[in-house]
Amino acid sequence: MACDEAALAQPGVAPAVGTATDAPSASDNPAAARPLLSVAPMMDWTDVHFRQLARLLSRRTWLWTEMVVDKTIIHTQNLDKHLWFPPEQRPLVLQLGGSDPATLAAAAAKAAEYGYDEINLNCGCPSDRVAGAGCFGAALMLQPELVGDCMAAMAAATAGLGPGGRPLPLSVKCRLGVDEEDSYAQLQHFVRVVSERSPVSHFIVHARKAYLDGLSPHQNRTVPPLRHQWAWALAKDFPHLQFSLNGGLLSAHDARAAILTPHPEVPYRRPTMPPDEPAAAAAAVCAAPSSSPSSSSAPSTSAAADNLGGIEGVMIGRGAYNDPWGCLADADRAVFGEGANAAPSRRWVIARYREYAEPMVGRWHVKADGHADPSVRTLMRPLLNLFHGEPGCKRWKAAVDDVLKAGPHTFGEVLDRTLHLVPDHVLDAPPRTPELGALAAWPLDPELPGPASRAGHYQGPPGSPAPRPEKKKSKSKKKADKKAKAAAVKAEAGAGGEVAGGAAGEVEESGGEASGEEEEEEGAVGTRSGEGEEGERPVACCAEAREAAAQAAAVAAAAEASDGDASEQDGRAECCENGMDTKAATSGAVVAEAASGQPHSAVVAAAATAVPDGGGRGGAASSAAGSGAQERRRRRGCVVS
């Protein structure tokens with residue numbers, strides 16, 4: 001059950017200054033040389049300062065840099081700003097972005113001099129800052145042969161530059177698929193080609209597909225469905241390779257559960273320990289020898305490198321940044337099987353981070369106006385989520401922002417003036433350490449994918465275009481669309497509105513309220529003759545339309561010929577009811593327009609001229625109202641779908 005002896009010799013993490021307990025070295029804990037838990041590379045987030053905070057929280061978790069473009073490494077004047085790191089941040093993986101084998105090889109050779117434990121190629125980021133710039137990131141999944149050539153060139157350039165003079169381990173981070181190229185057979189092809197054309201034996205799989213166009217980076221992390229079981233399927237189909245799982249996991253406890261969960265359709269040959277044993281996850285992974293090259297640049301395909309039906313580890317992204325204490329503080333115990341965690345409290349973490357941050361202010365550059373790079377604000381940013389969900393967190397963050405706006409002279413000044421707002425019981429609380437035996441198994445779809453299975457919502461034949469997910473409209477966009485629709489309705493009813501407006505004015509003089517009803521109905525007419533709720537045009541059946549038009553014309557004629565000798569009070573009441581009469585006529589006119597194809601303005605004008613000056617019996621108006629309501633009910637059932 002022991003790990004590969006070559007892997008044990010990899011340098012571990014130097015103990016952080018002032019740790020509460022002495023952590024065992026890598027030789028004491030073989031799992032320290034394996035990426036059981038990693039913090040994902042995140043652009044603008046996982047800089048050297050956040051990594052320092054993460055290392056204080058966990059000595060064993062593998063850290064990753066932001067993606068660094070290969071040309072940046074070759075041409076920058078200040079390489080330390082992009083590649084330098086304190087030695088205690090190891091184990092540390094550098095992620096490169098690029099698509100040219102020669103350029104990537106040159107960049108990898110320069111970066112290897114800084115002492116990284118592994119170099120990774122980004123084949124999974126769908127951001128337009130990556131996939132749309134120079135064809136790298138997730139777009140590379142469409143060219144597996146090119147990826148294999150890139151990795152082979154990087155392996156040749158870094159031969160002998162790894163820890164202890166061994167080949168520097170290389171890996172690929174990818175998605176399940178891209179756009180319509182998202183079948184499991186296509187993912188298998190990508191893994192097979194890359195691993196056969198290069199020494200790559202470790203794939204970090206973000207268990208979602210990617211859309212190169214149409215979705216934002218955030219939506220690419222939430223809209224495509226998660227297919228965690230695909231990682232176990234790859235472990236079954238490529239037993240000589242290692243696969244780590246990324247996507248949808250938020251804490252070290254999720255990572256432990258995923259590592260220890262076998263898939264029911266994948267033969268699991270790893271040793272099992274009692275579920276409450278802290279070393280269970282570490283023992284399971286170490287039972288499968290690492291397939292990273294130790295003495296040769298060729299990929300290992302022997303049975304000794306068998307992954308034994310499980311995943312190599314888990315990678316967590318936003319969960320680690322948004323709640324670093326909740327995600328990482330119990331990682332050394334729960335995942336790597338250590339006897340104690342690195343950080344006893346958040347007060348201890350802040351004190352050690354302060355020791356790092358104060359001399360870092362202005363390390364790269366200080367301008368003539370006094371602006372420092374990195375600035376106090378930049379160094380303060382990783383701490384802002386340390387009290388995620390705790391009492392006093394929002395108040396403390398607001399106070400920090402006020403102090404930063406005032407221009408503090410030192411990093412420590414910000415802490416001295418604000419930290420009293422966080423309660424002592426929060427500052428001094430130890431990490432949450434739940435009963436490991438009570439952690440639930442990681443939920444997996446019991447059915448493994450077949451060759452034709454697709455990673456997206458759409459499960460049509462591979463290669464067939466799927467409906468593109470629509471972006472959610474912002475509030476401002478919704479308001480703009482609403483105004484545009486109202487303007488279109490107004491323009492459509494414009495010509496007829498002038499004639500109808502004259503008739504409505506006469507009604508207003510006679511009865512008052514009818515004018516308001518008529519104006520409201522004019523807008524309703526325009527809406528009915530335009531787009532429906534689902535974007536369809538309401539169309540009545542032809543026979544019913546002719547019948548309704550005839551009824552409306554008869555009602556209008558009867559109202560026009562009615563006796564006008566009623567009292568003044570009856571006249572006002574009848575005039576208000578004649579507003580309903582107008583609605584009936586207008587409603588029938590809309591249906592007639594739909595059936596006959598006459599211009600909408602002419603129909604509305606004809607309906608408006610049918611409104612009498614003030615006469616008409618209440619019985620005729622009531623009949624018109626009933627006819628209009630009946631017609632509206634009939635029309636709602638005749639919408640073309």
Side-chain angles (χ1 to χ4, degrees), residues 13-23 37 39 45-61 63 86 88-89 250-253 316 319-336 338-361 374-404 406 408-434:
V13 180
V17 178
T19 50
T21 58
D22 293 331
L37 177 62
V39 175
W45 287 16
T46 52
D47 56 16
V48 64
H49 316 306
F50 173 77
R51 297 198 306 266
Q52 189 70 14
L53 173 68
R55 179 56 69 223
L56 291 170
L57 297 172
S58 170
R59 296 190 211 115
R60 299 306 189 193
T61 299
L63 305 179
E88 63 267 20
Q89 288 190 8
L250 300 177
S251 69
H253 304 125
I316 300 177
Y321 190 91
N322 294 332
D323 185 12
W325 179 258
C327 177
L328 300 176
D330 193 33
D332 290 354
R333 178 190 76 103
V335 178
F336 291 90
E338 299 280 4
N341 288 307
S345 68
R346 279 172 278 201
R347 190 190 299 274
W348 179 92
V349 171
I350 290 175
R352 300 307 177 276
Y353 184 81
R354 179 174 181 169
E355 295 175 4
Y356 158 82
E358 288 187 329
M360 280 295 297
V361 176
S375 64
V376 173
R377 179 178 289 274
T378 299
L379 288 159
M380 192 69 200
R381 186 173 59 180
L383 290 181
L384 295 180
N385 289 331
L386 190 60
F387 302 106
H388 176 79
E390 297 286 1
C393 176
K394 292 183 178 179
R395 185 172 54 171
W396 175 69
K397 290 168 73 172
V400 166
D401 188 57
D402 291 340
V403 174
L404 290 172
H409 295 91
T410 65
F411 178 86
E413 180 183 346
V414 181
L415 296 175
D416 293 339
R417 293 174 57 183
T418 62
L419 208 54
H420 65 280
L421 297 173
V422 181
D424 287 341
H425 73 272
V426 173
L427 283 167
D428 297 324
R432 185 177 70 90
T433 54

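Worth knowing before you read on, the calculation uses all heavy atoms, side chains too, and leaves out hydrogens, waters and symmetry mates. Just so you know, these numbers come straight off a predicted model, no measurement behind them.
L415 places a side-chain heavy atom less than 4.5 Å from the side chain of L383. Side-chain contact between I350 and L386 is present, with at least one heavy-atom pair separated by less than 4.5 Å. Side-chain contact between E88 and Q52 is present, with at least one heavy-atom pair separated by less than 4.5 Å.
With E358 contributing its side chain and G412 its backbone, the two residues share a donor-acceptor pair below 3.5 Å. Checked by atom type and distance alone, the side chain of N385 pairs as donor or acceptor with a backbone atom of Y321 at under 3.5 Å. Side-chain atoms of T378 never come within 3.5 Å of backbone atoms of P374 as a donor-acceptor pair (strictly under, hydrogens ignored).
Under 4.0 Å is where a charged nitrogen must lie from a carboxylate oxygen, and between D402 and K397 no such pair does. A salt bridge is defined here as a Lys NZ or Arg NE, NH1 or NH2 lying under 4.0 Å from an Asp or Glu carboxylate O, and E390 with R346 meets this definition.
For N341 against R333, the heavy-atom pair with the smallest separation is OD1-N, 3.1 Å. Pairing each heavy atom of W348 with each of L56, the nearest pair is CZ3-O, 3.7 Å. Closest of all the heavy-atom pairs between R51 and T46 is NH1-O, 3.1 Å. Closest of all the heavy-atom pairs between A399 and L421 is CB-CD1, 3.4 Å. Considering every non-hydrogen atom in both V376 and P408, the closest pair reads CG1-CG, 4.1 Å. Taking all atoms of both residues into account, the shortest heavy-atom contact from S251 to C327 is CA-SG, 3.9 Å.
Screening L250, L37, L328, V39 for a side-chain contact (heavy atoms from CB on, under 4.5 Å) involving I316 leaves a single residue, L37.
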Could you go through the side-chain contact (heavy atoms from CB on, under 4.5 Å) check for Y353 and H49 one step at a time?
-> CA-CA 9 Å; Y353 184 81; H49 316 306; 3.6 Å; yes

Applying side-chain contact (heavy atoms from CB on, under 4.5 Å), run through H388 and W325 and close with a yes or a no.
-> CA-CA 8 Å; H388 176 79; W325 179 258; over 6 Å; no

Should V422 and R395 be marked as a side-chain contact (heavy atoms from CB on, under 4.5 Å) after you check the CA-CA gap, both sets of side-chain angles, and the distance that decides it?
-> CA-CA 8 Å; V422 181; R395 185 172 54 171; over 6 Å; no

Can you check side-chain contact (heavy atoms from CB on, under 4.5 Å) on L63 and F50, steps first, answer last?
-> CA-CA 10 Å; L63 305 179; F50 173 77; over 6 Å; no

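A donor-acceptor contact under 3.5 angstrom links the side chains of D332 and S58, judged on distance only. Side chain to side chain, Q89 and R55 fail the donor-acceptor criterion of an N or O pair below 3.5 Å.
Rounding to the nearest 0.5 angstrom, the gap separating the CG atom in L404 from the CZ atom in R377 is 4.5 Å. Interatomic distance, N322 CG to L384 CG, rounded to the nearest 0.5 Å: 12.0 Å.
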Could you pull out all donor-acceptor pairs under 3.5 Å where a side-chain atom in residues 423-432 meets a protein atom, sequence neighbours excluded?
| from | atom 1 | to | atom 2 | distance (Å) |
| --- | --- | --- | --- | --- |
| D424 | OD1 | R347 | NH2 | 3.3 |
| D428 | OD1 | R347 | NE | 2.6 |
| D428 | OD1 | R347 | NH2 | 3.4 |
| D428 | OD2 | R347 | NH2 | 3.2 |
| R432 | NH2 | H253 | ND1 | 3.4 |

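Considering only residues two or more places apart in sequence or on other chains, D416 meets the side-chain contact (heavy atoms from CB on, under 4.5 Å) condition with R354.
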